[in-house]
Amino acid sequence: MTDAPVITVDGPSGSGKGTISRLLANHLGWNFLDSGALYRLVALDALNNDIGLSDESMIADHARQIDVRFVSQNPMDEPSIMLNNEDVTADIRTESCGNAASKVAALPRVREALLQRQRDFQQSPGLIADGRDMGTTVFPEAKLKIFLTASAEERAKRRHKQLKEKGIDVSLSALVKDIAERDERDGSRETSPLKPAKEAVIVDTSIMSIDTVMDKLLSLITD
Ligand code: DC
């Protein structure tokens, strides 16, 4: 048990929380938990082992046992993500792995299996925890809870730009539909649905630059 401070940053994909959380962790010199990557790793492991995405007990068993490592050379770069000693950094970021992650994330026993793994990231001098239920379920005692959001259109545009930069051509309308479906699944599941904690500060990033969001969050931290 540690009493290192935790700041939770929850919100839907495309709200900017990945970029912002990493910047914040780097600015403060704190540890960083990318909980979405854990769900993606569990999904990839299920796909690799031909486990059906609704086989809750098998996926939960694997979620407890898989060997996961985040290997960082430089804190500002995305770390290399290792699954059972294999570098899967690119594999977990595909749209199909994201969709599979959203399905395994709806299984309560899988969420339960990942709980302790996530809490183990709470170490000195502090933790920025990025996800969907960081403030509501995983770190209910967090000292500051932030909920970042943005319109589905804006989030689809950001995703479209990211994919284009990687040379991946997907239609914007397909992305809007995909994001809306994923929001619906993440927001309506029974266990830990995507919703702000009661005491969370909600920040709509639709028309904010990254710098403006950072200034806003730093002002909340120093308040
Ligand atoms: O943030 P991301 O896109 O990498 O997350 C992948 C999926 O995992 C997403 O559909 C929601 C789910 N997820 C979750 O249910 N709870 C979390 N704490 C983080 C992610």
Side-chain angles (χ1 to χ4, degrees), residues 6-22 24-25 32-47 53-54 56 59-60 62-63 66 68 70 78-79 81 83 88-122 127-140 142 145-150 152 155-156 158-160 162-163 166 168 170 175 177-197 200 205:
V6 179
I7 296 176
T8 58
V9 186
D10 288 306
S13 25
S15 58
K17 75 192 159 52
T19 309
I20 294 291
S21 303
R22 208 174 285 284
L24 212 50
F32 176 59
L33 165 62
D34 174 0
S35 61
L38 291 179
Y39 286 96
R40 286 171 182 267
L41 284 159
V42 170
L44 182 67
D45 172 79
L47 295 171
L53 293 179
S54 52
E56 183 166 4
I59 299 176
H62 275 238
I66 51 177
V68 170
F70 293 81
E78 276 207 41
I81 299 180
L83 172 62
V88 294
T89 316
D91 309 65
I92 64 160
R93 296 296 168 198
T94 62
E95 289 302 293
S96 62
C97 192
N99 280 324
S102 164
K103 290 182 186 151
V104 302
L107 305 172
R109 284 160 69 185
V110 173
R111 303 196 73 83
E112 171 67 32
L114 289 182
L115 210 49
Q116 194 54 46
R117 263 184 202 259
Q118 296 175 87
R119 290 184 175 150
D120 288 344
F121 280 78
Q122 183 179 4
L127 174 68
I128 302 293
D130 160 355
R132 304 292 192 288
D133 61 341
M134 299 295 100
T136 50
T137 307
V138 183
F139 300 108
K145 300 180 182 183
I146 294 160
F147 192 89
L148 289 189
T149 182
R155 288 185 285 130
R158 291 175 186 171
R159 185 77 189 129
H160 191 246
Q162 270 176 356
L163 290 172
K166 289 189 193 158
I168 303 170
V170 189
L175 280 176
K177 185 166 165 278
D178 217 49
I179 281 187
E181 277 174 14
R182 213 185 291 181
D183 281 356
E184 168 63 24
R185 193 161 47 226
D186 293 343
S188 63
R189 67 174 174 235
E190 276 182 25
T191 315
S192 292
L194 171 65
K195 67 166 198 289
T205 69

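Quick caveat, the model's predicted, so the values are computed rather than measured. Each ligand, and each atom within it, is numbered from 1 in the order the structure gives.
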Hey, mind stepping through Arg159 and Asp178 against salt bridge (charged side-chain N to carboxylate O under 4.0 Å, His left out) and telling me if it holds?
CA-CA 11 Å; Arg159 185 77 189 129; Asp178 217 49; over 6 Å; no

Options Lys17, Arg111, Arg185, ranked by nearest heavy atom to atom 16 (N) of ligand 1, top entry:
Arg111

Glu181/Lys177 ion pair, N-O < 4.0 Å:
yes

Answer yes when Asp133 and Arg111 have at least one side-chain N-carboxylate O distance shorter than 4.0 Å, and no when they do not.
yes

Check each heavy atom of Arg189 against ligand 1 and say whether those closer than 4.0 Å belong to the side chain, the backbone, both or neither.
side chain

So, the side chain of Thr205 versus the backbone of Ser15: is there a donor-acceptor pair under 3.5 Å, distance only?
yes

Counting from 1, what ligand 1 atoms have a heavy atom of Met134 closer than 4.0 Å?
18 (N)

Check whether any N or O atom of Tyr39, backbone or side chain, sits under 3.5 Å from an N or O atom of ligand 1, and answer yes or no.
no

Any luck finding a side-chain donor-acceptor pair between Arg158 and Thr19 under 3.5 Å?
no

Of the choices Lys103, Arg132, Arg40, which has the non-hydrogen atom that lies closest to atom 1 (O) of ligand 1?
Arg132

Name the closest protein heavy atom to atom 20 (C) of ligand 1, giving the residue it belongs to and the distance to 0.1 Å.
Gly36 CA, 3.5 Å

Which of the numbered atoms in ligand 1 are below 4.0 angstrom from a heavy atom of Asp186?
9 (C), 10 (O), 11 (C)

Top protein contact for atom 7 (C) of ligand 1, by heavy-atom distance
Ala101 CB, 3.8 Å

So among Leu83, Ile81, Leu44, which one has a side chain to side chain contact (heavy atoms under 4.5 Å, CB included) with Asp91?
Leu44

Any idea which atoms of ligand 1 are less than 4.0 Å away from a heavy-atom of Ser102?
10 (O)

Near Ala105 (heavy-atom distance under 4.0 Å), the atoms of ligand 1 are 12 (C), 15 (O)

Pairwise distance CG(Leu41) to CD1(Ile92) - rounded to 0.5 angstrom:
4.5 Å

Asp120 and its side chain to side chain donor-acceptor pair (under 3.5 Å) partner, picked from Gln122, Arg117, Gln118, Gln116
Gln116

For atom 19 (C) of ligand 1, the closest protein heavy atom turns out to be Ser35 OG, 3.4 Å

